[in-house]
There are 2 protein chains.
Amino acid sequence: MAKNCNFIEKLRELGLRPTKQRVKICEALFNREKTFHFTINDLVKMISQEMNEKISLATVYNTVHAFEKKGYLKQISINSDKSYFDTNTSAHHHFYDEDTNELIDCNENDIDSINVKKNITGKKISSVEVLVRVASDNQTQKKFN
Amino acid sequence: MAKNCNFIEKLRELGLRPTKQRVKICEALFNREKTFHFTINDLVKMISQEMNEKISLATVYNTVHAFEKKGYLKQISINSDKSYFDTNTSAHHHFYDEDTNELIDCNENDIDSINVKKNITGKKISSVEVLVRVASDNQTQKKFN
DNA sequence: CAACAGTTTAGAATTATTATAATGTATATT
DNA sequence: AATATACATTATAATAATTCTAAACTGTTG
Ligand SMILES: [Mn+2]
Ligand SMILES: [Mn+2]
Ligand SMILES: [Zn+2]
Ligand SMILES: [Zn+2]
C-alpha cells in the first residue's frame, strides 16, 4: 500500500469500502517512511492518543485482519501472549529482543538463505521464517557455588 | 524428565512439591515413548477425558509454566491464537501444517544449520528457530480469467 | 424515493490468561 | 505429638484478548 496518499482510492481498489475508520487506520499504518511492527493494542493507542479518534476495538481487529487477508499486513509468530503485525509484507526474518519485547527486521544478507531438505508429501512450503531471540549478555549468568 | 517412572521423586528434585495434580500432569505429558506437541486445552481434555480426573484450568497453566521454567517444556511460536508446548526441549525446528494445524519436528538434518551474520550490540543470541509453513498443494491456486 | 442486498461497525459474548484469596504442607518450637 | 509459622499450591474470581452477531450503513435497482 503506497505511502502518503489517497487511501480512499486504494481501499476501493481492494474491494473495501473507504469508511472513515478504515481511512484512519490506513493513515496510522501506511502514512510513513519505514515499515514497522505493532500489536492491536499499539494501534488502538496510536489512533486514540496521537490521532485523537475513537474506533471500536472490534473494528480495529476487523480491519487489520482484512488488510492481512489482502496481503498488506503480515502476522508474526512470537511466543508470549502478544500477537504482532508487520507492515513489511516481504519475506523476511526477525530478531526478537527478549528484554524490550522489540521485533527487529533482518535484511536479506543478515541470514543465509535456508535450505529445507525434508518435504512433506502432498504439501507445499508456503513460508520459511527464522526467529532469532536475543537477550542482554549478562542475563543468563549461572551462579558458581 | 525420564519416562515411565517415579514422578514424585523427580518433582522433589526440581523443588516442586509432588501434589496429585502435578503427578497426574507428569503422567499425561512424560509417560510416553515419543515427545509431542500440545495446547493447554489439549492437556486439560486428556486429563479429564482419558485420565478421568478434574484439575482446574488455572492449575494446568501454573504447572505447565512451572515445567517450562524448569526447562522440561518449551513453548512454540505459531501465528494464530493457539499457543503450543513441546515436550521435546532440545533445540529443533518445526514444520507447521496449515491445513491440519499440526506441528511436526524437524530432525537435525532436515534443515542446514542457520548462519546468523548480524549481531545486535550488547545482546546475545538465546535461540534460533525456523518455522516452515506447509499447506496442501492445491491450496493457493489463482484463477485465470 | 423506497425496497432490498450486501457490508461494516461496535456492543455483547466468548475464550484465554493471570491475580489472588483460600487451602495445604513442611518445618520449627514447645 | 500438637501447634505455630512461613511458604507453596490450588482454583475461583478477575482481567485481557478475540470473536460473534445484531443493528446501522451504503450502494443498487425499480
Ligand atoms: Mn488472522
Ligand atoms: Mn510462559
Ligand atoms: Zn518485520
Ligand atoms: Zn517440537
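Letters A, B, ... are given to chains in the order of the sequence lines, protein chains preceding strands, and every chain is numbered from 1. The shown structure was predicted, so the numbers you read here are calculated from the model rather than taken from an experiment.
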Q. Within the pair B:Ser83 and C:dA16, is there a side-chain N or O less than 4.0 Å away from OP1 or OP2?
A. no
Q | Spacing between A:Lys24 atom NZ and C:dT9 atom P, to the nearest angstrom | A | 14 Å
Q. B:Ile104 versus B:Tyr96: any side-chain heavy-atom pair under 4.5 Å?
A. no
**Q.** Close approaches to DNA chain D from residues 37-54 of chain B, in residue order (heavy atom, under 4.0 Å)
**A.** none
Q: Using a heavy-atom cut-off of under 4.0 Å over every strand shown, decide if A:Thr59 touches base, sugar-phosphate, or nothing.
A: base
Q. Between A:Leu16 (CG) and C:dG6 (P), how many Å, whole number?
A. 17 Å
Q | Nucleotide D:dT9, atom P - distance to CD1 of B:Ile8 in whole Å | A | 14 Å
(Q) Quick check: do A:Gln21 and A:Lys24 have side-chain heavy atoms less than 4.5 Å from each other? (A) no
Q | Euclidean distance, atom CZ of residue B:Arg22 to atom P of C:dT25 [Å, nearest integer] | A | 12 Å
Q.
Restricting to non-hydrogen atoms, name the atom on B:Cys106 and the atom on B:His94 that form the minimum distance, rounded to 0.1 Å.
A. SG-N, 4.0 Å
(Q) Walk me through whether A:Glu98 and B:Ser126 qualify under side chain to side chain donor-acceptor pair (under 3.5 Å). (A) CA-CA 9 Å; A:Glu98 294 179 323; B:Ser126 56; 3.2 Å; yes
(Q) If we check side chain to side chain donor-acceptor pair (under 3.5 Å) with A:Asp105, which of these qualifies: A:His93, A:His37, A:Lys34? (A) A:His37
Q) Starting at CG of A:Leu14 and ending at P of C:dT7, how long is that distance when rounded to a whole Å? A) 15 Å
Q: Report the distance from atom CD of A:Gln21 to atom C1' of D:dA24, rounded to the nearest whole Å.
A: 11 Å
Q: Compare the minimum distances between each of C:dA10, C:dT8, D:dT10 and the side chain of B:Thr19, then state the nucleotide with the smallest one.
A: D:dT10
(Q) Please report the distance, rounded to the nearest Å, between NZ in B:Lys20 and C1' in C:dT23. (A) 13 Å
Just the table, please: protein N/O against nucleotides 18-22 of chain C N/O, every pair under 3.5 Å.
| from | atom 1 | to | atom 2 | distance (Å) |
| --- | --- | --- | --- | --- |
| C:dT18 | OP1 | A:Asp81 | OD1 | 3.4 |

Q. Quick one: does B:Arg133's side chain get under 4.5 Å of A:Ile125's, heavy atoms only?
A. no
**Q.** Closest-nucleotide 5' rank along DNA chain C - winner of B:Arg12 and A:Gly15
**A.** A:Gly15
Q | Phosphate-side-chain proximity, B:Arg17 and C:dA26, N/O vs OP1/OP2 below 4.0 Å | A | no
Q) Considering all heavy atoms of both residues, which atom of A:Thr87 and which atom of A:Leu29 are nearest to each other, and what is their separation? A) CG2-O, 4.0 Å
Q: Please report, rounded to the nearest Å, how far the P atom of C:dA16 is from the OH atom of B:Tyr84.
A: 12 Å
(Q) Looking at every heavy atom in both A:Asn109 and B:Lys117, which two are closest together, and how far apart are they? (A) O-CD, 3.3 Å
Q) Cation-pi between A:Arg32 and A:Phe30: NZ/CZ under 6.0 Å from ring centre and within 45° of the ring axis? A) no
